[in-house]
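Below: the structure, in structure tokens.
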Amino acid sequence: MEPQGPAPPPLLRAVTSSTRPLYQLLKSINFTNKVHVEITENGLRFAADHARVMQGVAHWSRSLFTSYTAHLTRTPTRVEDAQEGDDEVAEPIIPTFQISLPALLETLQIFGAADAAARQARADVDPYRSNLRNYRSDAFSNHTLGMSGTCTLSYPQKGDPFSIILDENGVSTTCNLTTYITEHANGSGEDDGDYNDNDIPFDKEDLSFKIITHARWLLDALAELAPAAPEKLTIAATKTEPYLRLTTASGPLGSSTVDFAKGRDLLETFAVRRRWAQTFKFDMIRSATEAMRIASKVSLRGDGQGVLSMQFMVEVEGREPSFLDFRFVPYAVCEDDEMGEVGEESEGEGEGEEEEG
Amino acid sequence: MVVLNFTLSEEGVVVLHDALACMFKFSDDVCLEARKDKLTLTTLNISKSAYVCFTFAANRFFSRYNFEGTPQYRDRFFCQLYIRSLLTIFRTRQSGGDQSRDRDASIERCDVAVDDGIGKQSRLVARISFRNGITSSHSLPYEVKTPTHAKFNKDEAGNHWAISSRTLRQLMDHFGSGIELLDINTDDEARVVNFTCFTEKVQKRGPVSNEAVLKKPLHTNIAVEMDEFDNVQVQDKLHIIISVKDFRAILQHAQMTSGELATSYSNPGRPMKLSYGTDGVLCEFILMTVGEKDAMTQKHKNPRPNAAKAARPELDSASHRGSSVANDNQQVPPATASKPPQQRTPIRSRQPGFEIRPQPPPPPATDRSESLFVNQADDDEQWEPVGANEDEEEEDARLEWNATNEPNPSSLRIGSYMSRPAGSHDARPDNLISGLDPTQPLSQVRRFGLFSD
């Protein structure tokens, strides 16, 4: 599959016949200009970061591709800048770079455009083709037949552009996207699997609550709150009635609250160790709405430090689900602020440590 | 203490939303007024030329309605709110789309409560329960403000007609895009009602003296047979002109209700009332009509007795004609050579428009007694003239709407109210507080040391 020749095999070569899931996943973290890309043996990981208080991670697992080959160089020692390091042993060096996210999204959208253009051309030629229901893909379109061309991603070696070759209907489009050196030195794959040093720390050992619900509900809840253009959003998870509550503080147009009080039907998993309430910037949470739209389920978790993690499960038909991961850092709470905001909604429930099994 | 609370069904929310959306085309805020038996939403546009009133019957529109009089609000409660924020709350939610499971995110019920009292935050709280179990509650601050109601004198308005609002809405499709004004007039010989739309003409000094051209030289006339109407009783050839924008906004809402739209009006420069109702909701609109300058010009050019029409049946509605007094102090504008926008109508057709019925009281001493708007006190008769008990503390709140007092009647078109030279200009201090004029000669400022020589 990969071209064998005198040149070393490319670091990455991946082929897929549909860019749609790739596009959808990436689009949901489309809140920054540049994303960090990491190439691992299991897929590509895209991390978008906003002012170090919000982070969104999309993962293109290798199952989204028809073929996926990553030739990662391995070094015995942990050298930061491993250029050559051909000695094979030990840990693979995970290549990382930054790439322009809008450009990448734009590129992925090209795919399928040729097919539509071809259909249009055929419609022009064939006068008997009705232009009624033109939106339907016809039975013999390339797309329906599953031979809609290929999209090849490749990253030959460090420093090279990330190239995307779209091949359909005899039209081949090659896009080379400039890669940038990452700002933060990568602390080479030593840390716990998925996350590295640049991530917002989230303590999985010290979870305050974990709630799994339909992503759609969360989207609806935000839609309820959004019209008043609030600045801050408080998310509170409690053991008793309104189990999960989203509140916006009173702005000029008033304040709003959304309760998931009928928890039995709404929340799939519900575990609260202690009452957890943190305030976030509303616009930040709202940048995750695209993820809420495409995902089927969301897992909300909060740790002892107040960091909120939202994990979205995106079901792609015929393949294993993909995950999107968001983390948010809350506002620091000043003494008097806390009195005002938390006191208002504590609902007479005893705060503090109420350990639960 | 809960002053007012009521519950709306899902359909009720839709109806309320439609009403608010209609009002939003007129104004940014709405006055809510609650009584034991009804809830009234009113608004007045910024130029005070259009007034909208929706009345919801307590027992028919709401699934539950309860008004508790408090010492402060004994028999009615009133407040003013932003329409924009209400619109986002009382909107329909999609029912979850194709997911057929119990994922129904549509509204199950909507409880609204107004909580007020000493030591309480005054808020209107709307609590919406969705079918999927999520509840959202919104609390809105409101302003306590006595609502302003427009007066409309039913006895004065002798002209009326009614038509199915759907039919009328279809006529609107023929209106062009850039038009401003709508002239409604009848032609008894042809048995038609004409809807003529056009734009305001702009005065342009051409080579020929004072040519008037239309900004958009399109003049659309839609003639509708009188059989389409019910209960037509209009003076022949009476031209009544209203703003198309307002009319559109009304019809947009009216078509959603399948009822009949009834109008009544008297003369140009006097208000026109449009109303229609559906199950438990009464919608009323009072629009100011444009007083005609051109018409007056015509009148003086062509004073022709109107006796020939005396036998017409609708004249009885105008039995009070014949007064020599034109509207209070309508001045005679300088006769210009400009043609009226309704060029096609015969000149004498203007006649009836000028025979304004005599004002009941002798010519008023102040503008105030002529005001169209009164601050409604505790009486229920909002369409009646001002009561005598109105004049104590609400003097300031009372609105004026005396179109005929304008120095230039042609500028009376709806919407231009704000642009007229207001008396407040005189009151403006001509000096800044510092005692300096906004601009000074440079020499004067030098002494402040701001500029080095």
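In what follows, every chain begins at residue 1, and chains take the letters A, B, ... in the order their sequences are listed. Remember, it's a predicted structure, so these values are computed and weren't measured experimentally.
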Q: Measure from NZ or CZ of A/Lys232 to the centre of the six-membered ring of A/Tyr331 and say whether it is under 6.0 Å with the direction within 45° of the ring axis.
A: yes
Q.
If the condition is salt bridge (Lys or Arg N to Asp or Glu O under 4.0 Å), which residues does A/Arg286 pass it with, not counting sequence neighbours?
A. A/Asp283
Q: For each of B/Gly133, B/Ser139, B/Ala126, tally heavy-atom pairs with chain A at distances under 4.5 Å, and name the one with the top tally.
A: B/Ser139
(Q) I'd like to verify something: which residue of B/Thr88, B/Thr135, B/Ile128 has the highest number of heavy-atom pairs under 4.5 Å with chain A? (A) B/Thr135
(Q) Give me each pair satisfying ring pair (Phe, Tyr, Trp, His ring centres under 6.0 Å) with a member in residues 9-36 of chain B, each pair once, sequence neighbours excluded. (A) none
Q. Is a side-chain donor or acceptor of B/Arg74 paired with a backbone partner of B/Gln72 at a separation under 3.5 angstrom?
A. no
Q: Look at the side chain of B/Ser63 and the backbone N and O of B/Thr7, then say whether any donor-acceptor pair between them is shorter than 3.5 Å.
A: yes
**Q.** Which portion of A/Asp220 sits near chain B, non-hydrogen atoms under 4.5 angstrom
**A.** side chain
(Q) Between A/Ala221 and chain B, with a heavy-atom cut-off of 4.5 Å, which part of the residue counts as in contact: side chain, backbone, both or neither? (A) neither
**Q.** Under 4.5 Å from a heavy atom of chain A, the part of B/Phe130 involved
**A.** side chain
